[in-house]
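Here is the naming used below: chain letters follow the sequence lines, and residue numbers restart at 1 for every chain.
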Number of protein chains: 2
Amino acid sequence: MSDKKTDGTSRRVRVEDVARVAGVSPITVSRALSNPEKVKEETRQRVAEAVAQTGYVVNSFASTLRSGRSSIITVFVSSLQNPHYAASIQGLIDALEGSRFRLMFAQTGFSVDADSDLFNSLMSFRPAAVVLSEGVRSESLRNTLTDFDVPVLEMWDDDPDPIDMLVGFSVADASRMVGEHFAEQGFRHVAYFGHSSGRTAERLTGFRAGLARHGIDEVYVHSFEGTGTMMMGMSAFEEIVTEHPDCDAIFFATDLLATGALLRAREMGIDVPGRVAIAGFGDLDYAAHTQPPLTTIHVSAYELGKDAGQMLLKRLDTGPLPNRRLIRPVRLEARGSTAR
Amino acid sequence: MSDKKTDGTSRRVRVEDVARVAGVSPITVSRALSNPEKVKEETRQRVAEAVAQTGYVVNSFASTLRSGRSSIITVFVSSLQNPHYAASIQGLIDALEGSRFRLMFAQTGFSVDADSDLFNSLMSFRPAAVVLSEGVRSESLRNTLTDFDVPVLEMWDDDPDPIDMLVGFSVADASRMVGEHFAEQGFRHVAYFGHSSGRTAERLTGFRAGLARHGIDEVYVHSFEGTGTMMMGMSAFEEIVTEHPDCDAIFFATDLLATGALLRAREMGIDVPGRVAIAGFGDLDYAAHTQPPLTTIHVSAYELGKDAGQMLLKRLDTGPLPNRRLIRPVRLEARGSTAR
DNA sequence: TTGAAAGCGCTAACAA
DNA sequence: TTGTTAGCGCTTTCAA
């Protein structure tokens with residue numbers, strides 16, 4: 001037990017205090033704690049006892065200032081309520097467990113501005129690395145991050161030319177799988193609901209490519225902006241089946257949208273997949289348990305984050321990596337909602 | 001635009017450099033940035049230009065070391081993959097947006113050890129406050145946190161005697177609602193599946209209390225240890241209906257368990273709620289969309305985190321609060337799975 | 001309203 | 001293997 005606060009004064013304990021108790025100099029205490037192998041066993045022991053007795057905890061602000069080695073990794077996440085990102089962050093956390101690095105969170109919405117107070121406030125901690133839960137589109141932010149000369153890792157993206165490091169998966173490949181699956185199941189009049197511009201539009205491009213391999217060139221495209229909700233999936237489903245009576249399969253850009261569609265279909269008495277097949281993207285926890293089970297693209301979010309953490313550790317340990325892009329595989333989970 | 005790296009040398013810019021460019025002393029630069037009202041408008045302007053020109057960003061390690069005011073809030077979360085915790089953390093993040101505080105994450109599993117390297121490493125940042133996503137049970141951790149004399153906020157708990165501050169809800173009240181609801185719906189032979197010891201066992205206590213108000217004193221109790229999964233819900237359901245053929249309603253300690261039960265019921269051809277009613281706890285996103293929709297207890301996780309953030313800001317701004325416990329209301333979502 | 005001097009607590013560099 | 005000296009970059013205190 002420590003008696004760090006036997007009296008009322010909770011004045012913090014400093015190396016100097018520990019040194020006095022151990023009968024050594026301050027630098028020896030410092031060494032005993034951060035480079036134990038450079039200190040004689042017996043001395044190390046005495047220091048350890050003095051640390052326990054005084055309840056000493058190093059002051060990171062002083063040590064980092066002096067050493068110039070920050071142990072903070074800054075993380076930008078658009079939303080922790082997105083289960084994919086939450087899982088990736090957990091993977092990152094787990095990969096970093098046991099290392100000297102600590103994660104600092106950026107309180108940010110969907111976009112980060114390079115000139116913002118937030119950004120400066122975060123950079124004031126001179127992070128050892130910066131992790132972004134999404135690929136960075138803003139040119140100014142890319143430049144600023146490059147200028148800061150700090151290791152940067154982008155997740156959930158497959159930019160061929162990342163700022164620095166990247167761990168992601170190919171959205172185009174994944175969507176192509178859905179296109180091929182639809183064609184192979186014999187669907188001929190297919191629809192897509194998702195973004196039609198911006199980076200997420202790659203879903204549509206890949207989807208078309210997969211269909212084209214089987215000679216299907218027409219896709220009923222319905223698009224929206226912003227974040228998809230279950231409600232949007234519901235109304236989109238109704239709109240699509242009404243406008244295109246011959247439509248026999250719909251690819252939704254997210255599981256949430258697809259789930260809404262399943263619900264609306266049930267309400268409308270439309271058989272899935274008998275009359276229309278439905279596929280989603282992301283493989284949320286419950287996707288295998290919807291009625292019927294949802295065909296979707298599985299992305300291993302947790303492992304993605306863990307890979308990111310491992311790549312980061314290697315980079316921080318041994319310097320720039322030969323391979324700065326890691327594209328993880330995805331797989332199609334073919335389930336009842338698209339079965340023929 | 002800044003030209004912070006026109007040459008190859010990326011030596012960091014310091015106040016001194018900004019001071020030289022602005023033609024003032026370093027301390028004036030410091031004041032212009034952190035106490036602008038104490039600097040003449042014109043001077044402030046010159047400093048601002050010099051900052052932009054040099055790309056200066058303050059060094060938090062130096063400023064915090066000197067000022068003694070840390071802007072770091074440490075957060076302990078057992079898992080970000082728990083959507084309730086993820087939502088609360090997002091609420092916390094949002095509440096703190098715009099403030100000077102930054103969140104640092106503890107890489108921790110289910111428990112935190114006061115003597116661990118992790119704990120020391122976090123305390124080395126001399127956090128302005130510590131937030132815990134769960135109530136702290138370990139006596140030694142409670143003592144250590146008390147000794148550090150740092151504001152502490154526990155979430156998702158209703159300990160009558162928190163370490164410092166607390167934002168949570170009454171688990172016992174919530175479970176009592178389920179008990180009363182079961183009785184009101186006319187169920188007479190009820191079962192409980194969840195923990196039967198430790199703090200989470202309050203679910204059982206409250207549940208019993210609610211039933212007792214309506215004269216029901218017997219509960220078939222089936223318990224487990226650790227973290228509940230959908231699979232466990234599945235097998236528990238089978239076990240309970242087999243062992244107690246007269247059982248007409250089951251209260252599961254989490255939605256995940258209850259969802260597993262719904263699936264198993266469907267597989268076994270057992271009608272819910274016709275033959276057995278099922279209730280869960282937590283109101284996960286999809287609870288309203290299961291088949292049948294799941295009766296459960298709704299806890300506003302996001303708002304809970306937001307309240308925590310606001311309480312924290314007030315505490316850090318104006319000192320100890322008169323009211324350190326905030327017990328948020330919960331509500332029963334009575335849905336199809338318990339309808340009579 | 002601005003500045004000079006000092007020092008927050010630690011560890012790098014050098015010395016013994 | 002241990003110690004001495006100095007200084008990381010900033011802001012507090014005191015003075016002008």
Side-chain angles (χ1 to χ4, degrees), chain A residues 4 10-48 50-51 54-72 100 120-121 123-128, chain B residues 4 10-48 50-51 54-72 100 120-121 123-128:
Chain A
K4 57 197 79 161
S10 65
R11 187 181 59 72
R12 286 242 63 84
V13 181
R14 297 159 314 191
V15 264
E16 191 192 322
D17 304 311
V18 179
R20 199 178 318 108
V21 172
V24 294
S25 73
I27 185 65
T28 300
V29 172
S30 172
R31 272 197 281 254
L33 294 174
S34 36
N35 293 83
E37 74 283 1
K38 290 191 172 178
V39 173
K40 196 168 59 179
E41 170 61 28
E42 188 216 313
T43 315
R44 203 189 313 161
Q45 200 70 40
R46 283 224 310 284
V47 171
V51 166
T54 53
Y56 173 71
V57 176
V58 70
N59 181 325
S60 282
F61 293 100
S63 72
T64 303
L65 176 60
R66 179 63 246 233
S67 70
R69 297 197 324 148
S70 171
S71 58
I72 291 179
R100 68 184 190 86
N120 279 341
S121 148
M123 295 323 277
S124 76
F125 287 98
R126 304 287 186 265
Chain B
K4 59 196 79 161
S10 63
R11 189 181 57 72
R12 287 242 60 86
V13 180
R14 296 158 316 192
V15 263
E16 192 193 320
D17 304 312
V18 179
R20 201 178 317 110
V21 172
V24 294
S25 73
I27 182 61
T28 300
V29 172
S30 172
R31 269 197 282 253
L33 294 175
S34 35
N35 292 83
E37 73 284 0
K38 290 191 173 177
V39 173
K40 194 167 60 179
E41 169 61 27
E42 188 215 314
T43 315
R44 203 188 314 159
Q45 200 69 43
R46 283 226 309 285
V47 171
V51 166
T54 54
Y56 174 72
V57 176
V58 70
N59 181 325
S60 282
F61 293 99
S63 71
T64 304
L65 175 60
R66 181 64 248 239
S67 70
R69 298 197 323 149
S70 172
S71 58
I72 291 180
R100 68 185 191 89
N120 279 341
S121 148
M123 294 323 277
S124 75
F125 287 98
R126 305 286 186 266

In whole Å, what is the span from the [atom1] atom of [X] to the [atom2] atom of [N]?
X      : N      : atom1 : atom2 : result
A/E16  : D/dT4  : CD    : C1'   : 14 Å
A/E37  : D/dT1  : CD    : P     : 10 Å
A/E42  : D/dT2  : CD    : P     : 8 Å
B/L65  : D/dG7  : CG    : P     : 17 Å
A/F125 : D/dC10 : CZ    : P     : 14 Å
A/K38  : D/dT1  : NZ    : C1'   : 11 Å
B/N35  : D/dT13 : CG    : C1'   : 14 Å

Using side-chain heavy atoms (C-beta onward) and a distance below 4.5 Å, is A/R69 in contact with A/T64? no

I'd like to check A/R126 versus B/V57 (side-chain heavy atoms, cut-off strictly below 4.5 Å). Are they in contact? yes

For [X], check side-chain contact (heavy atoms from CB on, under 4.5 Å) against everything at least two apart and list the hits.
X      : answer
A/S121 : B/R102
A/V29  : A/V15, A/V18, A/A19, A/V24, A/L33, A/V47
B/E41  : B/R44, B/Q45
A/R66  : none

Within residues 26-34 of chain A, those residues having any heavy atom closer than 4.0 Å to DNA chain D are A/I27, A/T28, A/R31

Students should find that the nucleotides of DNA chain C closing off the region near chain A, any atom under 4.0 angstrom from a heavy atom, are C/dG9 to C/dA12

When you measure from the side-chain N and O atoms of B/Y56 to the phosphate of D/dG9, is any distance below 4.0 Å, counting only OP1 and OP2? no

Quick one: does A/N35's side chain have a donor or acceptor within less than 3.5 Å of a partner on A/K38's backbone? no

Ignoring hydrogens and geometry, is there a side-chain-to-backbone donor-acceptor pair from B/T54 to B/D17 under 3.5 Å? no

Pick the closest DNA chain D nucleotide for A/V24 and for B/R66 by heavy atoms, then say which residue is nearer the 5' end. A/V24

Testing A/S63, A/S60, A/S71 one by one against B/S124 for a side-chain hydrogen bond (donor to acceptor under 3.5 Å, both in side chains), which residue passes? A/S60

